[in-house]
Amino acid sequence: MNFELVNDDYYPTLAQRLRVAVPEYMSTFDDEDGIYHIIFEFGQFLINHIDDDVLLSKSVAFINEAIEHGGHETADVISMEIFELLADDLQIAEKVKPKLSEKALRLF
């Protein structure tokens with residue numbers, strides 16, 4: 001049985017893309033600390049700014065873009081570090097879900 005290895009070329013650029021998409025978010029972690037820490041902290045940032053329509057729109061646009069253009073590694077980190085966090089609070093989830101793309105909503 002042969003398995004095809006599919007590289008996620010978007011994943012290594014995730015932190016850089018996040019800094020461009022949501023410049024208001026300033027991580028306490030460096031790229032060397034790992035993308036999971038950065039994305040988890042970004043999830044907290046999103047929750048803390050859930051009532052700021054501009055930041056919410058920028059944040060969800062970043063998530064949608066990542067899900068649309070990334071591969072399985074990108075989807076894993078977004079799902080585990082943001083979507084699981086958002087799913088813990090129904091009110092927050094209900095503010096985010098209508099803004100998610102179809103593909104991102106299915107992952108959520």
Side-chain angles (χ1 to χ4, degrees):
M1 179 177 264
N2 293 326
F3 291 97
E4 181 180 342
L5 180 62
V6 178
N7 290 329
D8 184 349
D9 296 330
Y10 197 91
Y11 180 77
T13 66
L14 205 51
Q16 177 185 0
R17 291 173 187 270
L18 174 56
R19 285 190 289 273
V20 171
V22 189
E24 296 84 354
Y25 166 66
M26 302 291 283
S27 180
T28 59
F29 296 103
D30 294 325
D31 290 355
E32 295 81 30
D33 293 321
I35 193 64
Y36 277 79
H37 294 296
I38 294 168
I39 296 298
F40 173 77
E41 187 180 55
F42 174 67
Q44 293 288 341
F45 171 86
L46 175 56
I47 289 170
N48 292 338
H49 295 91
I50 198 70
D51 292 321
D52 183 323
D53 290 335
V54 172
L55 289 179
L56 178 60
S57 292
K58 285 182 179 183
S59 298
V60 174
F62 163 75
I63 292 168
N64 287 336
E65 166 102 3
I67 297 302
E68 293 298 322
H69 298 288
H72 72 283
E73 290 174 302
T74 300
D76 285 349
V77 71
I78 296 291
S79 179
M80 290 177 12
E81 301 301 335
I82 296 176
F83 287 168
E84 286 186 17
L85 195 60
L86 297 178
D88 284 341
D89 187 317
L90 184 59
Q91 289 179 329
I92 289 174
E94 292 305 314
K95 287 186 178 188
V96 172
K97 285 169 54 175
K99 297 180 179 299
L100 292 174
S101 68
E102 186 178 320
K103 188 174 181 180
L105 187 58
R106 280 194 314 268
L107 180 65
F108 186 85

Side-chain contact test, heavy atoms from C-beta onward, threshold under 4.5 Å: evaluate it for [X] versus [Y] and give yes or no.
X: Leu86; Y: Phe108; result: yes
X: Ile67; Y: Leu107; result: yes
X: Tyr10; Y: Glu68; result: no
X: Phe83; Y: Ile63; result: yes
X: Gln44; Y: Phe40; result: yes
X: Val60; Y: Val96; result: yes
X: Lys58; Y: Tyr25; result: no
X: Phe45; Y: Leu55; result: yes

With rounding to the nearest 0.5 angstrom, report the [atom1] to [atom2] distance, [X] to [Y].
X: Arg106; Y: Leu100; atom1: CZ; atom2: CG; value: 11.5 Å
X: Glu41; Y: Glu81; atom1: CD; atom2: CD; value: 11.5 Å
X: Phe29; Y: Ile39; atom1: CZ; atom2: CD1; value: 11.5 Å
X: Lys99; Y: Leu56; atom1: NZ; atom2: CG; value: 5.0 Å
X: Asp88; Y: Leu90; atom1: CG; atom2: CG; value: 11.0 Å
X: Asn64; Y: Lys103; atom1: CG; atom2: NZ; value: 11.0 Å

**OP:** Check the angle between the aromatic planes of Phe62 and Phe42 and answer parallel, tilted or perpendicular using the 30° and 60° thresholds.
**Re:**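 Perpendicular.
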Tell me the closest heavy-atom pair linking [X] and [Y], and the distance in Å.
X: Lys95; Y: Ile50; answer: CD-CG1, 3.8 Å
X: Leu46; Y: Ile82; answer: CD2-CG2, 4.4 Å
X: Ile38; Y: Ala15; answer: CD1-CB, 4.2 Å
X: Ala66; Y: Thr74; answer: O-CG2, 3.4 Å

**OP:** Go through the steps to decide whether Ile47 and Asp89 satisfy the test side chain to side chain contact (heavy atoms under 4.5 Å, CB included), and finish with yes or no.
**Re:** CA-CA 9 Å; Ile47 289 170; Asp89 187 317; over 6 Å; no
Subject >> More than 12 heavy atoms from other groups under 6.0 Å of CD on Gln91 >> reply: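 Result for CD/Gln91: open.
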**OP:** Tell me, yes or no, whether the heavy-atom count around Asp53 atom CG, taken from other residues, nucleotides or ligands under 6.0 Å, exceeds 12.
**Re:**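 Counting neighbours around CG of Asp53, 12 or fewer heavy atoms of other residues, nucleotides or ligands fall under 6.0 Å, so no.
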N/O donor-acceptor pairs under 3.5 Å from side chains in residues 16-23, not counting sequence neighbours:
| unit_1 | atom_1 | unit_2 | atom_2 | d |
| --- | --- | --- | --- | --- |
| Arg17 | NE | Thr13 | OG1 | 2.6 |
| Arg19 | NH1 | Asp31 | OD1 | 3.1 |
| Arg19 | NH2 | Asp31 | OD2 | 3.4 |

